[in-house]
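For clarity, every value in this text was computed on a predicted model and none was experimentally measured. We're numbering straight along the sequence, starting at 1.
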Amino acid sequence: MSVDSTLILVLAVLFVATVIRSAFGFGEALIAVPLLAFVIPVEVATPLAGLISVTVAVVVVAQDWRQVHVRTAGWLIFFSLFGIPVGLWLLNSADETLIKTVLAVAIIGFASYCLISKVPFELKDDRWAWPFGFLAGVLGGAYAMNGPPLVIYGAMRRWSPEFFRATLQGYFLPASLISMIGFWATGLWTRRVTEYYFVSLPIVVAAIVTGRWLNHRLRGRQFLTYVHIGLLFVGLILLAQTMWSRAQPGAVRVPEMSQILKADEQVKAR
């Protein structure tokens, strides 16, 4: 693969997105896929982002496995399984714009409240893990956006930076592996995706190290403040993408499962 402006842009996007994911444990999907889709086909950008997600999760879990709360991650994954069928139903039956708008407003409202309030919400134990896991499954099944409920849950549990980062990856690792199996089964994991992945791997590893360095320098309330700011940006980006895609039907946005299947049909037709 020759070095050109496209490859440089792909590497730059992956570096920034991976630093964010490695430092905070979330947020790269809404950054990486839309930006990558401006320079490479969406059927390449989506599985490439999936491979990067698996890589980040594997490295973080391998580095900080002692920080992973296996029981919490297990409960969240378990309840997500019940939410996925509901998400698939929403994908085919519900108004996508309405659901994404409501989700974005809820995320913005929660993040804003936590940034302004002197006594934000706090959960003392995992008894309330089930609605967050279930909602993560719903959003993951419908729109591949299972992150926000998990991040909100971690923020409300007041996890430490290391615990927050590692436990989220304990959830995202199996979820990302399942996604990659789906990409392989539908023919979207192509040679071009693999080439981009191996070329970008040194940049991704450097970004993971940089993100881990940043994560270990954030403490307590400072980390939660950055998490809430990150959630606020996620909500704003999601709202902007939803409004833009509604006003501009041809605009680039995070691909849904239906788009991925259409891309698969196009790949097979070539």
Is the backbone N or O of [Y] less than 3.5 Å from a side-chain atom of [X], with the two atoms forming a donor-acceptor pair by type?
{"X": "D64", "Y": "E162", "result": "no"}
{"X": "S22", "Y": "T18", "result": "no"}
{"X": "S53", "Y": "A49", "result": "no"}
{"X": "Q169", "Y": "V58", "result": "no"}
{"X": "N146", "Y": "A136", "result": "no"}

If hydrophobic clusters are built by linking Ile, Leu, Val, Met, Phe, Trp and Tyr wherever their side-chain heavy atoms come under 4.5 Å apart, do [X] and [Y] end up in the same one?
{"X": "I107", "Y": "Y113", "result": "yes"}
{"X": "L76", "Y": "V70", "result": "no"}
{"X": "L81", "Y": "I178", "result": "no"}
{"X": "V19", "Y": "W213", "result": "yes"}
{"X": "V86", "Y": "V102", "result": "no"}

With a 4.5 Å heavy-atom cut-off, do [X] and [Y] have their side chains touching?
{"X": "Y196", "Y": "L7", "value": "yes"}
{"X": "F164", "Y": "V151", "value": "yes"}
{"X": "F132", "Y": "I152", "value": "yes"}
{"X": "L14", "Y": "I203", "value": "no"}
{"X": "L232", "Y": "S112", "value": "yes"}
{"X": "F24", "Y": "R165", "value": "no"}

For [X] and [Y], take the angle between the two ring planes, folded into 0 to 90°, and tell me which bin it lands in: parallel under 30, tilted 30 to 60, perpendicular over 60.
{"X": "F110", "Y": "H228", "value": "perpendicular"}
{"X": "F82", "Y": "F79", "value": "tilted"}
{"X": "F163", "Y": "W159", "value": "perpendicular"}

**Message:** Does Y226, at its OH atom, have more than 12 non-hydrogen atoms belonging to other residues, nucleotides or ligands within less than 6.0 Å?
**Reply:** no

**Asked** Is the CZ atom of F233 crowded by more than 12 outside heavy atoms at less than 6.0 Å?
**Response** no

**Check against salt bridge (charged side-chain N to carboxylate O under 4.0 Å, His left out), D126 and R71** = CA-CA 9 Å; D126 287 332; R71 182 178 178 181; 5.6 Å; no

Distance-minimising heavy-atom pair for [X] and [Y]:
{"X": "Y171", "Y": "S80", "result": "OH-OG, 2.8 Å"}
{"X": "P149", "Y": "L135", "result": "CG-CG, 3.9 Å"}
{"X": "A166", "Y": "V68", "result": "O-CG2, 3.5 Å"}
{"X": "V39", "Y": "T6", "result": "O-CG2, 3.6 Å"}
{"X": "L123", "Y": "R157", "result": "O-NH1, 3.2 Å"}
{"X": "V44", "Y": "R192", "result": "CG2-CD, 4.1 Å"}

**Prompt:** Roughly how far, to the nearest 0.5 Å, is the CH2 atom of W130 from the CH2 atom of W128?
**Reply:** 6.5 Å

**Request:** Carefully, step by step, assess R212 and Q63 under the rule side-chain hydrogen bond (donor to acceptor under 3.5 Å, both in side chains).
**Result:** CA-CA 10 Å; R212 187 171 191 262; Q63 287 178 327; 3.3 Å; yes

**Request:** Check the pair M243 / T101 against side chain to side chain contact (heavy atoms under 4.5 Å, CB included), numbers first and verdict last.
**Result:** CA-CA 8 Å; M243 296 299 100; T101 301; 3.3 Å; yes

**Request:** Not counting sequence neighbours, which residues clear side chain to side chain contact (heavy atoms under 4.5 Å, CB included) with Y197? List them please.
**Result:** L48, L51, I52, T55, L201

